[in-house]
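These notes concern the structure reproduced below.
Here, residue 1 is the first one in the sequence, and each next residue gets the next number.
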Amino acid sequence: MRFAALADIHGNHLALEAVIADIRAQGIDEIVNLGDSFSGPLEAGLTADLLMPLNALTVRGNHDRALIDRPFEAMGDWEKPSYPQLSATHLDWIRGLPETARMGDEVFLCHATPQDDNTYWTETLSADGIFHLKPLAEIEALADGIDAPLILCGHSHIPRAVQLSDGRLIVNPGSVGCPGFDYDVPVYHKAQAGTPFASYAILEKSPRGWQPSFRQVRYDNLAMAELARRHGMMDWVSALSRGWIA
(Lines give C-alpha, C1' and ligand atoms only; values in the text may rest on other atoms or scores of the structure.)
Protein backbone atom coordinates (compact mmCIF):
# COMPACT_ATOMS: atom_id res chain seq x y z
CA MET A 1 0.00 0.00 0.00
CA ARG A 2 1.56 3.27 -1.16
CA PHE A 3 -0.04 6.64 -1.72
CA ALA A 4 0.61 10.39 -1.62
CA ALA A 5 -0.81 12.87 0.90
CA LEU A 6 -1.37 16.55 0.09
CA ALA A 7 -2.52 19.38 2.34
CA ASP A 8 -2.95 23.14 2.35
CA ILE A 9 -2.76 23.81 -1.39
CA HIS A 10 -4.33 27.25 -0.87
CA GLY A 11 -4.99 28.04 -4.51
CA ASN A 12 -1.39 27.58 -5.65
CA HIS A 13 -2.01 25.85 -8.96
CA LEU A 14 1.63 25.95 -10.09
CA ALA A 15 2.72 24.18 -6.90
CA LEU A 16 -0.06 21.62 -7.33
CA GLU A 17 0.95 20.98 -10.95
CA ALA A 18 4.54 20.35 -9.88
CA VAL A 19 3.49 18.05 -7.05
CA ILE A 20 1.17 16.01 -9.27
CA ALA A 21 4.00 15.59 -11.79
CA ASP A 22 6.35 14.46 -9.01
CA ILE A 23 3.79 12.00 -7.67
CA ARG A 24 3.31 10.47 -11.11
CA ALA A 25 7.10 10.26 -11.56
CA GLN A 26 7.20 8.15 -8.37
CA GLY A 27 4.73 5.72 -9.96
CA ILE A 28 1.95 6.60 -7.51
CA ASP A 29 -1.70 6.68 -8.53
CA GLU A 30 -3.57 7.13 -5.24
CA ILE A 31 -3.72 10.59 -3.62
CA VAL A 32 -5.44 11.91 -0.50
CA ASN A 33 -5.98 15.59 0.27
CA LEU A 34 -6.22 16.98 3.80
CA GLY A 35 -8.00 20.22 2.96
CA ASP A 36 -7.61 23.99 2.70
CA SER A 37 -7.34 23.72 -1.04
CA PHE A 38 -8.37 27.11 -2.42
CA SER A 39 -8.29 30.08 -0.03
CA GLY A 40 -5.61 32.70 -0.68
CA PRO A 41 -4.61 35.44 -3.13
CA LEU A 42 -3.63 33.06 -5.94
CA GLU A 43 -5.58 30.91 -8.45
CA ALA A 44 -8.47 29.18 -6.70
CA GLY A 45 -10.41 28.32 -9.84
CA LEU A 46 -7.45 26.87 -11.72
CA THR A 47 -6.53 24.87 -8.62
CA ALA A 48 -10.06 23.45 -8.40
CA ASP A 49 -9.94 22.47 -12.06
CA LEU A 50 -6.69 20.57 -11.42
CA LEU A 51 -7.69 19.03 -8.11
CA MET A 52 -11.21 17.80 -8.66
CA PRO A 53 -10.45 15.42 -11.57
CA LEU A 54 -7.89 13.60 -9.39
CA ASN A 55 -10.79 12.05 -7.46
CA ALA A 56 -8.59 12.17 -4.37
CA LEU A 57 -10.15 11.27 -1.04
CA THR A 58 -10.45 14.77 0.43
CA VAL A 59 -11.48 16.21 3.79
CA ARG A 60 -12.65 19.76 4.42
CA GLY A 61 -10.38 22.27 6.11
CA ASN A 62 -11.19 25.39 8.09
CA HIS A 63 -10.52 27.64 5.09
CA ASP A 64 -12.69 25.41 2.88
CA ARG A 65 -15.48 25.76 5.42
CA ALA A 66 -15.03 29.54 5.44
CA LEU A 67 -15.88 29.61 1.74
CA ILE A 68 -19.32 28.06 2.27
CA ASP A 69 -20.55 28.84 5.80
CA ARG A 70 -20.80 32.65 5.72
CA PRO A 71 -21.71 35.51 3.41
CA PHE A 72 -18.99 37.05 1.28
CA GLU A 73 -18.95 40.22 3.43
CA ALA A 74 -18.00 38.15 6.49
CA MET A 75 -15.20 36.22 4.80
CA GLY A 76 -11.58 36.72 5.76
CA ASP A 77 -8.77 38.15 3.66
CA TRP A 78 -7.78 34.67 2.43
CA GLU A 79 -11.30 33.86 1.21
CA LYS A 80 -12.26 37.16 -0.44
CA PRO A 81 -9.73 36.87 -3.30
CA SER A 82 -10.55 33.21 -3.94
CA TYR A 83 -14.33 33.01 -3.61
CA PRO A 84 -15.12 34.94 -6.85
CA GLN A 85 -12.91 32.53 -8.80
CA LEU A 86 -14.89 29.47 -7.75
CA SER A 87 -17.86 28.25 -9.77
CA ALA A 88 -21.07 26.81 -8.38
CA THR A 89 -19.69 23.36 -9.22
CA HIS A 90 -16.53 24.06 -7.25
CA LEU A 91 -18.50 25.28 -4.24
CA ASP A 92 -20.85 22.29 -4.34
CA TRP A 93 -17.79 20.02 -4.31
CA ILE A 94 -16.55 21.77 -1.14
CA ARG A 95 -19.98 21.41 0.48
CA GLY A 96 -19.85 17.68 -0.13
CA LEU A 97 -16.52 17.14 1.62
CA PRO A 98 -16.48 15.27 4.95
CA GLU A 99 -14.74 16.63 8.05
CA THR A 100 -12.87 13.34 8.55
CA ALA A 101 -12.40 10.18 6.49
CA ARG A 102 -10.83 6.73 6.59
CA MET A 103 -9.00 4.50 4.13
CA GLY A 104 -10.08 1.09 5.33
CA ASP A 105 -8.75 0.12 8.74
CA GLU A 106 -5.30 1.60 8.19
CA VAL A 107 -5.56 5.36 7.67
CA PHE A 108 -7.50 8.18 9.35
CA LEU A 109 -7.67 11.63 7.72
CA CYS A 110 -8.58 15.04 9.10
CA HIS A 111 -7.52 18.60 8.41
CA ALA A 112 -6.37 19.75 11.85
CA THR A 113 -7.66 17.46 14.62
CA PRO A 114 -10.59 15.03 14.69
CA GLN A 115 -12.47 17.35 17.04
CA ASP A 116 -11.76 20.75 15.45
CA ASP A 117 -10.65 21.94 12.01
CA ASN A 118 -8.80 24.94 13.44
CA THR A 119 -6.54 23.45 16.15
CA TYR A 120 -2.90 22.51 15.64
CA TRP A 121 -2.52 18.82 16.47
CA THR A 122 1.23 18.46 16.94
CA GLU A 123 2.25 22.09 17.49
CA THR A 124 1.61 24.54 20.30
CA LEU A 125 2.41 28.17 21.00
CA SER A 126 4.37 29.65 23.86
CA ALA A 127 3.12 32.87 25.43
CA ASP A 128 5.50 34.84 23.20
CA GLY A 129 4.23 33.14 20.03
CA ILE A 130 6.97 30.56 19.47
CA PHE A 131 5.67 27.64 17.41
CA HIS A 132 6.98 24.32 18.77
CA LEU A 133 6.20 20.63 19.24
CA LYS A 134 3.43 19.80 21.71
CA PRO A 135 4.09 17.46 24.64
CA LEU A 136 3.38 13.86 23.66
CA ALA A 137 0.58 13.44 26.21
CA GLU A 138 -1.33 16.35 24.66
CA ILE A 139 -0.87 14.97 21.15
CA GLU A 140 -2.05 11.54 22.28
CA ALA A 141 -5.13 12.95 24.02
CA LEU A 142 -6.37 14.28 20.67
CA ALA A 143 -5.92 10.82 19.13
CA ASP A 144 -8.12 9.10 21.72
CA GLY A 145 -10.55 6.69 20.07
CA ILE A 146 -8.74 6.58 16.71
CA ASP A 147 -7.51 3.04 16.14
CA ALA A 148 -5.92 3.52 12.70
CA PRO A 149 -2.14 2.94 12.71
CA LEU A 150 -1.60 5.93 10.38
CA ILE A 151 -3.19 9.29 11.14
CA LEU A 152 -2.88 12.16 8.65
CA CYS A 153 -3.44 15.86 9.36
CA GLY A 154 -2.47 19.23 7.92
CA HIS A 155 -3.27 22.79 9.03
CA SER A 156 0.11 23.84 10.48
CA HIS A 157 1.82 23.84 7.05
CA ILE A 158 4.89 22.25 8.69
CA PRO A 159 6.00 18.73 7.61
CA ARG A 160 6.19 16.51 10.67
CA ALA A 161 5.86 12.92 11.85
CA VAL A 162 5.10 11.98 15.47
CA GLN A 163 5.02 8.40 16.73
CA LEU A 164 2.65 7.80 19.65
CA SER A 165 3.46 5.57 22.61
CA ASP A 166 1.45 2.68 21.18
CA GLY A 167 3.11 2.89 17.78
CA ARG A 168 0.44 4.84 15.90
CA LEU A 169 1.97 7.43 13.58
CA ILE A 170 0.72 10.97 12.96
CA VAL A 171 1.99 12.56 9.74
CA ASN A 172 1.58 16.12 8.50
CA PRO A 173 2.79 16.34 4.86
CA GLY A 174 3.35 20.10 5.02
CA SER A 175 1.82 22.60 2.64
CA VAL A 176 1.71 22.22 -1.12
CA GLY A 177 1.12 25.89 -1.76
CA CYS A 178 1.71 28.11 1.27
CA PRO A 179 5.01 27.52 3.11
CA GLY A 180 4.42 30.12 5.80
CA PHE A 181 1.85 32.37 7.45
CA ASP A 182 1.32 34.58 10.45
CA TYR A 183 -1.77 34.77 12.63
CA ASP A 184 -2.80 36.64 15.76
CA VAL A 185 -4.97 33.99 17.51
CA PRO A 186 -4.50 33.07 20.35
CA VAL A 187 -1.29 35.13 20.26
CA TYR A 188 0.67 36.49 17.31
CA HIS A 189 2.79 33.74 15.77
CA LYS A 190 4.49 32.68 12.57
CA ALA A 191 4.57 29.26 10.92
CA GLN A 192 7.56 29.09 8.58
CA ALA A 193 8.76 26.10 6.57
CA GLY A 194 12.11 27.75 5.85
CA THR A 195 11.98 26.88 2.14
CA PRO A 196 9.59 28.06 -0.59
CA PHE A 197 9.14 24.57 -2.05
CA ALA A 198 5.89 22.66 -2.53
CA SER A 199 5.69 20.00 0.17
CA TYR A 200 3.88 16.67 0.27
CA ALA A 201 4.44 13.16 1.64
CA ILE A 202 4.50 9.63 0.33
CA LEU A 203 3.21 6.97 2.75
CA GLU A 204 4.14 3.33 2.29
CA LYS A 205 3.12 0.31 4.35
CA SER A 206 6.22 -1.74 5.12
CA PRO A 207 6.59 -4.97 7.15
CA ARG A 208 7.70 -2.77 10.06
CA GLY A 209 4.84 -0.29 9.78
CA TRP A 210 4.04 2.89 7.91
CA GLN A 211 6.99 4.72 6.38
CA PRO A 212 6.63 8.45 5.55
CA SER A 213 8.84 10.09 2.94
CA PHE A 214 8.64 13.87 2.76
CA ARG A 215 9.04 15.42 -0.69
CA GLN A 216 10.06 19.01 -1.44
CA VAL A 217 9.36 20.10 -5.02
CA ARG A 218 10.66 23.18 -6.79
CA TYR A 219 8.29 25.14 -9.03
CA ASP A 220 7.88 28.74 -10.25
CA ASN A 221 7.23 30.09 -6.77
CA LEU A 222 8.25 33.64 -7.74
CA ALA A 223 5.36 33.82 -10.21
CA MET A 224 3.00 33.01 -7.37
CA ALA A 225 4.73 35.53 -5.11
CA GLU A 226 4.15 38.21 -7.74
CA LEU A 227 0.47 37.31 -7.91
CA ALA A 228 0.23 37.69 -4.13
CA ARG A 229 1.98 41.05 -4.44
CA ARG A 230 -0.66 42.26 -6.87
CA HIS A 231 -3.27 41.44 -4.23
CA GLY A 232 -1.30 43.41 -1.64
CA MET A 233 -0.69 40.42 0.64
CA MET A 234 2.96 40.90 1.57
CA ASP A 235 3.09 38.06 4.12
CA TRP A 236 2.27 35.71 1.24
CA VAL A 237 4.92 37.37 -0.91
CA SER A 238 7.53 36.67 1.75
CA ALA A 239 6.43 33.07 2.35
CA LEU A 240 6.19 32.20 -1.33
CA SER A 241 9.51 33.83 -2.16
CA ARG A 242 11.62 32.48 0.70
CA GLY A 243 9.63 30.19 3.00
CA TRP A 244 9.94 32.78 5.79
CA ILE A 245 7.62 35.53 7.02
CA ALA A 246 9.41 38.86 7.03
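Scored by the side chain to side chain contact (heavy atoms under 4.5 Å, CB included) test, Asp128 finds Ser126, Ile130 as partners (sequence neighbours excluded).
Residues Tyr83 and Leu91 have side chains in contact (heavy-atom distance under 4.5 Å, counting atoms from C-beta outward). Within the 4.5 Å cutoff, the side chain of Leu34 has no heavy atoms near those of the Asp8 side chain. Between Asp117 and Asp64 there is no side-chain heavy-atom pair separated by less than 4.5 Å. By the 4.5 Å heavy-atom criterion applied to side chains, Met1 and Trp210 are counted as neighbours. Using a 4.5 Å heavy-atom threshold, the side chains of Cys110 and Trp121 count as touching.
Applying the side-chain hydrogen bond (donor to acceptor under 3.5 Å, both in side chains) test to pairs two or more places apart or on separate chains, those with a residue in residues 15-29 are Asp22-Tyr200, Asp22-Arg215.
Relative orientation of the His10 and Trp236 rings is perpendicular, given thresholds of 30° and 60° on the angle between their planes.
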Is there a salt bridge (Lys or Arg N to Asp or Glu O under 4.0 Å) between Glu123 and Lys134 once you walk through the steps?
CA-CA 5 Å; Glu123 289 79 23; Lys134 244 179 208 172; over 6 Å; no

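Remark: side-chain polar atoms of Arg168 are paired, donor with acceptor, to backbone N or O of Ile146 under 3.5 angstrom. Checking side-chain atoms of Arg160 against main-chain N and O of Gly174 turns up no donor-acceptor pair under 3.5 Å. Proximity of a side-chain donor or acceptor of Glu43 to a complementary backbone N or O of His13 within less than 3.5 Å is not detected. For Thr124 (side chain) and His132 (main-chain N/O), no donor-acceptor pair under 3.5 Å exists by modelled atom type. Distance alone, capped at 3.5 Å, places no donor-acceptor pair between the Ser175 side chain and the His157 backbone. Of the possible polar contacts, one joining the Ser238 side chain to the Ala246 backbone as a donor-acceptor pair under 3.5 Å is found. Using modelled atom types, no side-chain atom of Asp182 and backbone atom of Lys190 make a donor-acceptor pair closer than 3.5 Å. Although no hydrogens or angles enter the test, the distance criterion places no donor-acceptor pair under 3.5 Å between the side chain of Asp184 and the main chain of Val187.
Thr113 contributes atom OG1, which lies 5.5 Å from atom CG of Leu142 (distance to the nearest 0.5 angstrom).
Taking hydrophobic clusters as Ile, Leu, Val, Met, Phe, Trp and Tyr residues chained together by side-chain heavy-atom distances below 4.5 Å, Leu240 shares a cluster with Trp78.
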Side-chain donor-acceptor distances from residues 56-63 under 3.5 Å, at least two apart:
residue: Thr58; atom: OG1; partner: Ala56; partner atom: O; Å: 2.9
residue: Arg60; atom: NH2; partner: Glu99; partner atom: OE2; Å: 3.3
residue: Asn62; atom: OD1; partner: His111; partner atom: NE2; Å: 3.1
residue: Asn62; atom: OD1; partner: His155; partner atom: ND1; Å: 3.3
residue: Asn62; atom: ND2; partner: Asn118; partner atom: OD1; Å: 3.2
residue: His63; atom: ND1; partner: Glu79; partner atom: OE2; Å: 2.7

